[in-house]
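Before any comments, here is the structure.
The analysis underlying the following values was restricted to heavy atoms, covering all of them including side chains, and did not include hydrogens, waters or symmetry mates. Everything numeric in this text was worked out from a predicted model, so none of it was measured.
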Amino acid sequence: MGPIWPSYFEDCSSVIFMVDSANIAQVSSSCIQLLTVLSAEALRSASVLILFNKIDMPCNMGLVEIKSLFRMDDIIASATQPITTLELSARSGLGLQEVLRWLESTTVK
């Protein structure tokens with residue numbers, strides 16, 4: 001789906017980018033996709049939420065580990081957008097309240 005994403009970027013004020021934290025084989029691919037999204041001209045000022053999903057899985061990577069693999073500190077430091085990272089279990093709803101608070105705080109009123 002990544003190749004068609006730019007057709008949806010126009011007039012976006014926020015972006016939610018979800019990462020499967022239980023799939024270590026896809027970390028580099030996810031990071032490349034994230035960098036592509038962050039470098040899109042149409043999203044230069046969009047608020048970005050990066051969700052690390054599947055924290056309820058026994059084989060998931062911890063937040064510190066996955067942020068290190070993504071080099072999140074470097075990405076956040078060089079991005080033009082405000083970036084927030086959160087952990088989530090879409091299955092159980094753990095972390096959903098924080099996501100909803102982020103959505104509420106970034107919604108244009």
Side-chain angles (χ1 to χ4, degrees):
M1 296 295 295
I4 66 167
W5 289 351
S7 62
Y8 296 99
F9 290 167
E10 202 62 39
D11 297 324
C12 282
S13 61
S14 57
V15 173
I16 298 176
F17 188 91
M18 188 173 290
V19 177
D20 182 346
S21 65
N23 189 346
I24 195 164
Q26 291 295 314
V27 168
S28 61
S29 167
S30 295
C31 189
I32 290 167
Q33 286 296 324
L34 174 61
L35 292 172
T36 301
V37 168
L38 294 176
S39 65
E41 185 63 35
L43 299 176
R44 289 191 66 73
S45 61
S47 296
V48 177
L49 175 61
I50 302 171
L51 290 177
F52 296 106
N53 189 30
K54 297 188 181 177
I55 61 170
D56 57 326
M57 301 293 288
C59 59
N60 81 307
M61 290 176 276
L63 186 60
V64 171
E65 181 182 12
I66 198 160
K67 284 174 101 174
S68 176
L69 288 171
F70 264 75
R71 297 189 60 160
M72 284 307 304
D73 291 340
D74 293 336
I75 290 172
I76 291 170
S78 62
T80 61
Q81 305 91 334
I83 297 175
T84 303
T85 60
L86 294 173
E87 291 182 293
L88 172 74
S89 169
R91 184 176 186 206
S92 73
L94 184 64
L96 185 58
Q97 288 300 320
E98 290 82 4
V99 173
L100 293 174
R101 278 194 284 279
W102 180 87
L103 280 170
E104 183 178 45
S105 71
T106 60
T107 302
V108 178
K109 297 184 182 200

ILVMFWY network linking Ile32 to Val19, side-chain heavy atoms under 4.5 angstrom: no
Ile75 vs Cys31, side-chain contact (heavy atoms from CB on, under 4.5 Å): CA-CA, chis, key distance, verdict: CA-CA 10 Å; Ile75 290 172; Cys31 189; 4.2 Å; yes
Solution key, residues 37-49 side-chain donor-acceptor pairs under 3.5 Å, sequence neighbours excluded:
unit_1	atom_1	unit_2	atom_2	d
Ser39	OG	Leu35	O	3.1
Ser39	OG	Thr36	O	3.0

Connected-component partners of Met57 among ILVMFWY, side-chain separation under 4.5 Å: none
Report all side-chain donor-acceptor pairs from residues 91-101 shorter than 3.5 Å, counting only partners two or more places apart or in another chain.
unit_1	atom_1	unit_2	atom_2	d
Ser92	OG	Ser89	OG	3.0
Ser92	OG	Leu94	N	3.2

Closest non-hydrogen atom pair, Trp102 against Val15: CH2-O, 3.8 Å
Could you measure the distance from the [atom1] atom of [X] to the [atom2] atom of [Y]? Nearest 0.5 Å is fine.
X	Y	atom1	atom2	value
Ile66	Glu87	CD1	CD	9.0 Å
Leu103	Ser105	CG	OG	8.0 Å
Ser28	Gln33	OG	CD	11.0 Å

Ring pair (Phe, Tyr, Trp, His ring centres under 6.0 Å) contacts in which one or both residues fall within residues 42-78, not counting sequence neighbours: Phe52-Phe70
Pairs satisfying ring pair (Phe, Tyr, Trp, His ring centres under 6.0 Å), at least one member in residues 7-42, at least two apart: none
Criterion side-chain contact (heavy atoms from CB on, under 4.5 Å) on Met72 and Ile50, from CA distance to verdict: CA-CA 10 Å; Met72 284 307 304; Ile50 302 171; 3.3 Å; yes
Those residues that, when tested against Lys67, pass salt bridge (Lys or Arg N to Asp or Glu O under 4.0 Å) (two or more places apart): none
Test log, rule side-chain contact (heavy atoms from CB on, under 4.5 Å), inputs Asp20 and Asn53: CA-CA 5 Å; Asp20 182 346; Asn53 189 30; 5.9 Å; no
Worked check of side-chain contact (heavy atoms from CB on, under 4.5 Å) between Leu86 and Leu88: CA-CA 7 Å; Leu86 294 173; Leu88 172 74; over 6 Å; no
